[in-house]
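Here is the structure we will look at.
Numbering of residues begins at 1 and proceeds along the displayed sequence. Atoms within a ligand are numbered from 1 in the order they appear, just like the ligands themselves.
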Amino acid sequence: MGSLLKEIRNGGHSVADTESKAGFGGGVEDVYGEDCATEDQVLTPWTASVASGYTLLRDPHYNKGLAFTEKERDAHYLRGLLPPAVLTQELQEKKLIQNLRQYEVPLHRYIAMMDLQERNEGLFYKLLIDNVEELLPVVYTPTVGEACQKYGSIFRHPQGLYISLKEKGKILEVLKNWPERGIQVIVVTDGERILGLGDLGCQGMGIPVGKLSLYTALGGVPPSACLPITIDVGTNNQKLLNDEFYIGIKQKRATGQEYAELLEEFMTAVKQNYGEKVLVQFEDFANHNAFELLSKYSKTHLVFNDDIQGTASVVLAGLISSLKLLGGQLADHTFLFLGAGEAGTGIAELIALEISKKTNAPLEETRKKVWLVDSKGLIVKSRIGSLQHFKKPWAHDHEPIKELVDAVKAIKPTVLIGTSGVGKTFTREVVETMASLNEKPLILALSNPTSQSECTAEEAYAWTKGRAIFASGSPFDPVEYEKKLLVPGQANNAYIFPGFGLGLIMAGAIRVHDDMLLAASEALAAQVTQENHDKGLIYPPFTNIRKISANIAAKVAAKVYELGLASNLPRPKDLVKYAESCMYSPLYRSYR
Ligand SMILES: NC(=O)C1=CN([C@@H]2O[C@H](COP(=O)(O)OP(=O)(O)OC[C@H]3O[C@@H](n4cnc5c(N)ncnc54)[C@H](OP(=O)(O)O)[C@@H]3O)[C@@H](O)[C@H]2O)C=CC1
Ligand SMILES: CC(=O)C(=O)O
Ligand SMILES: [Mg+2]
């Protein structure tokens, strides 16, 4: 949008609609022309605005704060509304990062970042992009977890769209209330499994908001094309239900037909309002809904489950890249998971698929390389009758084993992956057993936030005498072990979904296919340099994430074209260049 002459921000409803229904003259004015309606009088809140003056300063899309030039201050009625100094965006950024660093409490940094996002979008993204390693833990895991737990009390401006049971039958209208029309990515949660923190109900909104800020900062999808949504069907979290400040509907979760009908209405309305090519990313649903929603809507919509598919793709990338350090092929390894839910079985399936593609062995065979432990112990054939459907393919022949450490001793994995959502479950004995079995044990503690990590980086290195290759879902600082600096990696789907989504959008994909996930994994693995490997890293640092995302997007888009699922034709020749050219820039524009 080059011009400041803006559409009236009244969603899909035109001014004419508003005028004819309510009438503009309905205000009750005092002698100063101000509203003096009493509680029993109705009035019409209306505005028809060109963003200038005070309004311009309060519009985060256009506000530049002290970076408005003298000419712009004259042209846009800003004189006197700002202090006289004119700063560059770089100087504003320098000031902000200094301010942020003064907050010692991570949540205060989070709140400061959210305030900035609501005040000055360009500056927010410039700051986040330029300081990605430092600020990712602020706007994303681990701090976003605490923010969700306290969302009721830190909540300032609503940041996304809330669709609750109260909106049943009206979801299309609710979507039309959102001010932006050109939505390309929706991240939606129902708040039932927020990171490893459980059911946070409506307060889960922090997750779609955080994920979408990464879509923009890491993947270059413009903020105006991103829509965070929370579907509120109640919560089973009694603490929230008892909290007088809880922001969601106060009832137990709707389930069964009532839940399915609301989701069906939502998915239908999304397609009706935004068309076939809008990407819906399911995030942090509980597994009893997640698998079913993915399987149902992947046939009719462009959907992607980040916890199942994005996590699978990022872990597979790490495994492919780790072969440079471990040697051999993927098929030579044995994988053991703690946690057999969305993340665990999602990763397991993509590993088996990759091995199957590489070795031409059937999936039923390659799955035997992968073992999972859930809260009841090792998943084995004798349990098959009572297993949830997504666990059944992993029920291999073996005697039952209850404890993880005994499973490690029996299965002798080369790779141990934590996807349990429960912290401290990789005990000293578990990790030492891995070290006794492997020269370089590969240990991935994927659960978020940091409090739920299966072990810390320090523990992984200490208990393996510095031999572990370690990565975790939430970041850990480098660890000095016997005078050597060991650098842990971050195995988080944030490496994948922004580039993956960009690739789908670029190609105008209409469906997601597993081969696109494999393409994303290979693209990410290819971005790990010798220098990274020399430090023991299996992922590249986040500093170059936009370049990495462009490469992932290009490979994903190429696969979309190859599979005949692209609608943006003709195919651009150089997909990496094209991806880069599509990416949002946070630099300020000049206003005429
Ligand atoms: N790093 C990343 O990018 C990602 C990390 N995650 C993290 O992974 C974790 C799990 O997420 P998700 O898979 O969606 O959750 P699910 O609820 O789908 O799965 C959790 C699994 O862990 C098992 N489990 C729970 N407690 C124990 C225990 N004490 N011992 C053994 N197994 C246990 C459960 O067993 P049972 O089935 O018997 O109940 C279940 O199989 C979360 O913390 C999440 O933050 C998720 C996605 C991405
Ligand atoms: C990273 C992520 O998606 C999760 O922990 O749920
Ligand atoms: Mg998630």
Side-chain angles (χ1 to χ4, degrees), residues 136-137 140-142 144-145 148 187-200 204 206-208 210-212 214 281-292 294 304-318 336-349 372-379 383 386-392 394 401-408 416-427 430 444-454 471-476 488-498 524 539:
L136 212 53
Y140 191 53
T141 187
V144 71
C148 287
V187 176
V188 59
T189 188
D190 72 356
E192 193 168 2
R193 197 283 280 143
I194 294 298
L195 308 177
L197 301 170
D199 183 352
L200 296 183
I207 295 294
K211 290 273 176 185
L212 283 164
L214 303 198
Q281 174 166 319
F282 294 118
E283 193 70 52
D284 291 9
F285 284 73
N287 62 37
H288 55 92
N289 290 317
F291 287 100
E292 212 172 305
L294 180 62
F304 167 70
N305 184 302
D306 189 34
D307 301 299
I308 302 171
Q309 299 172 298
T311 315
S313 184
V314 78
V315 171
L316 180 61
L336 179 65
F337 287 77
L338 182 71
E342 295 167 65
T345 63
I347 302 164
E349 188 63 21
L372 295 101
V373 171
D374 66 8
S375 66
K376 297 189 179 63
L378 188 65
I379 296 183
R383 292 180 54 195
S386 61
L387 291 174
Q388 289 141 292
H389 67 91
F390 50 86
K391 293 179 184 169
K392 288 188 199 266
W394 311 101
I401 298 181
K402 181 82 192 77
E403 299 300 329
L404 174 66
V405 66
D406 297 327
V408 175
L416 179 66
I417 304 180
T419 50
S420 62
V422 185
K424 305 261 164 251
T425 35
F426 289 173
T427 59
V430 166
L444 305 178
L446 298 185
S447 293
N448 296 315
T450 315
S451 57
Q452 311 310 106
S453 189
E454 282 78 6
S472 51
S474 300
F476 282 106
Q490 190 176 356
N492 194 293
N493 50 31
Y495 274 111
I496 290 289
F497 68 79
L524 176 56
Y539 293 102

- Task: Record the part of Q452 in heavy-atom contact with ligand 1 below 4.0 Å; permitted values are side chain, backbone, both and neither.
- Result: neither
- On a heavy-atom basis, the closest approach of E283 and Q281 is OE1-NE2, 2.9 Å
- Atom indices of ligand 2 within 4.0 angstrom of K211 heavy atoms, with elements: 1 (C), 2 (C), 3 (O)
- Message: Could you identify the single nearest non-hydrogen protein atom to atom 3 (O) of ligand 1 and state the distance to 0.1 Å?
- Response: N493 N, 2.9 Å
- Task: For ligand 2, indicate whether the residue T311 contacts it via side chain, backbone, both or neither (heavy-atom separation under 4.0 Å).
- Result: neither
- Show which atoms of ligand 1 fall inside a sub-4.0 Å distance from at least one heavy-atom site of G473. 1 (N)
- Query: Of the protein's non-hydrogen atoms, which lies at the shortest distance from atom 5 (O) of ligand 2, and what is that distance?
  - Reply: N448 ND2, 2.8 Å
- With a cut-off of 4.0 Å, which atoms of ligand 2 are near a heavy atom of Y140? 1 (C)
- Query: Among the heavy atoms of V314, does any lie under 4.0 Å from an atom of ligand 1?
  - Reply: no
- Item | Atom indices of ligand 1 within 4.0 angstrom of T419 heavy atoms, with elements | 10 (C), 20 (C), 21 (C), 22 (O)
- Message: Using a 3.5 Å distance criterion without hydrogens, assess whether the side chain of E454 forms a donor-acceptor pair with backbone atoms of S420.
- Response: yes
- Of the N, O or S atoms in E283, the one nearest the Mg ion (ligand 3): OE2
- Tell me, which N, O or S atom in D307 is closest to the Mg ion (ligand 3)? OD1
- Query: Once you round to the nearest 0.5 Å, how far does CZ of F285 lie from CD of E192?
  - Reply: 9.5 Å
- Please name the pair of heavy atoms, one in T345 and one in F291, separated by the smallest distance, quoted to 0.1 Å. OG1-CZ, 3.3 Å
- Query: Does any N or O in the side chain of T419 come within less than 3.5 Å of the main-chain N or O of G339, such that one atom is a donor and the other an acceptor?
  - Reply: yes
- Message: Could you tell me, atom by atom, which parts of ligand 2 come under 4.0 Å of a heavy atom of N492?
- Response: 1 (C)
- Task: Can you sort out which atoms of ligand 1 are near D307, meaning under 4.0 Å from one of its heavy atoms?
- Result: 47 (C)
- Using a strict 4.0 Å cut-off to heavy atoms of K391, name the atoms of ligand 1 that fall inside it. 36 (P), 37 (O), 38 (O)
- Message: Determine whether a donor-acceptor pair (N or O, by modelled atom type, separation under 3.5 Å) exists between the side chain of N448 and the backbone of S474.
- Response: yes
- Query: Which atoms of ligand 2 are found less than 4.0 Å from any heavy atom of E283?
  - Reply: 3 (O)
- Message: With a 3.5 Å distance limit and no angle check, can you tell me whether T311 reaches the backbone of D307 through a side-chain donor-acceptor pair?
- Response: yes
- Item | Sole residue of V315, I308, V314, L372 in side-chain contact (heavy atoms from CB on, under 4.5 Å) with I347 | V315
- Message: Could you tell me, atom by atom, which parts of ligand 1 come under 4.0 Å of a heavy atom of G196?
- Response: 42 (C), 43 (O), 45 (O)
- Item | Check: A290 main-chain N/O paired with R193 side-chain donor or acceptor under 3.5 Å | no
- Query: Measuring from L378:CG to L338:CG, what's the distance to the nearest 0.5 Å?
  - Reply: 11.0 Å
- Query: In Å, rounded to the nearest 0.5 Å, how long is the span from CG of L136 to CG of N492?
  - Reply: 7.5 Å
- Quick one: does R193 get an N or O within less than 3.5 Å of an N or O on ligand 2? yes
- Item | Atom pair CD1/CG of I496 and L524 - distance to nearest 0.5 Å | 4.5 Å
- Item | Reported CG-to-CD1 distance for the pair D374 and I379, which is rounded to 0.5 angstrom | 4.5 Å
- Message: Given 3.5 Å as the limit, does a donor-acceptor pair link the side chain of T189 with the main chain of F282, or not?
- Response: no
- Message: Of all the N, O or S atoms in D284, which has the shortest distance to the Mg ion (ligand 3)?
- Response: OD1
- Assess D307 for proximity to ligand 2: is some non-hydrogen atom of it under 4.0 Å away? yes
- Query: Would you say the side chains of K211 and N493 form a donor-acceptor pair under 3.5 Å?
  - Reply: yes
- Any idea which atoms of ligand 1 are less than 4.0 Å away from a heavy-atom of R193? 11 (O), 12 (P), 14 (O), 15 (O), 44 (C), 46 (C)
- Task: Give a yes or no on whether the backbone of R383 and the side-chain of S386 come within a donor-acceptor separation of less than 3.5 Å.
- Result: yes
- Note on the structure: Taking only non-hydrogen atoms of L195 and a 4.0 Å limit, the atoms of ligand 2 in range are 4 (C), 5 (O), 6 (O)
- Query: When the ring planes of Y495 and Y539 are compared, do they come out parallel, tilted or perpendicular, using 30° and 60° as the limits?
  - Reply: parallel
- Does ligand 1 have a heavy atom under 4.0 Å from the side chain of N492, from its backbone, from both, or from neither? both
- Item | Distance from atom 27 (C) of ligand 1 to nearest protein heavy atom, with residue and atom | V422 CG2, 3.9 Å
- Task: Please write down residue, atom name and distance for the protein heavy atom closest to atom 23 (C) of ligand 1.
- Result: G339 CA, 3.8 Å
- Item | the Mg ion (ligand 3) to nearest N/O/S of D306 less than 2.8 Å | no
- Message: I'd like the name of whichever of S453, A445, S375 reaches closest to atom 34 (C) of ligand 1 through any heavy atom.
- Response: S375
- For atom NZ of K392, is the number of surrounding heavy atoms from other residues, nucleotides or ligands below 6.0 Å larger than 12? yes
- Could you say whether the N/O atoms of K376 and ligand 1 ever approach to under 3.5 Å? no
- Is it the side chain (CB and beyond), the backbone, both or neither of D284 that lies under 4.0 Å from ligand 2, heavy atoms counted? side chain
- Give the residue, atom name and distance (to 0.1 Å) of the protein heavy atom nearest atom 5 (C) of ligand 1. L446 O, 3.2 Å
- Look up atom CD in Q309 and atom CD in E342, then write down how far apart they are to the nearest 0.5 Å. 11.0 Å
- If you have a sec, work out which protein heavy atom is nearest atom 40 (C) of ligand 1 and how many Å separate them, to one decimal? A340 N, 3.8 Å
- Message: Looking at ligand 2, is there an atom of it that comes within less than 4.0 Å of some heavy atom belonging to F497?
- Response: no
- Starting from atom 17 (O) of ligand 1, find the nearest protein heavy-atom neighbour and note its residue, name and distance. N287 ND2, 3.5 Å
- If you have a sec, work out which protein heavy atom is nearest atom 19 (O) of ligand 1 and how many Å separate them, to one decimal? G341 CA, 3.3 Å
- Message: Once you restrict to heavy atoms under 4.0 Å, what part of A491 touches ligand 1? Side chain, backbone, both or neither.
- Response: backbone
- Item | Identity and distance of the protein heavy atom lying nearest atom 8 (O) of ligand 1 | S447 OG, 3.8 Å
- Query: Taking heavy atoms and a distance under 4.0 Å, where does L338 meet ligand 1: side chain, backbone, both or neither?
  - Reply: side chain
- Query: Are the side chain of D284 and the backbone of L195 linked by a donor-acceptor contact shorter than 3.5 Å?
  - Reply: yes
- Contact region, T311 to ligand 1, non-hydrogen atoms below 4.0 Å, reads side chain
- Message: Any side-chain to backbone donor/acceptor pair from Q452 onto L197? Under 3.5 Å, distance only.
- Response: no
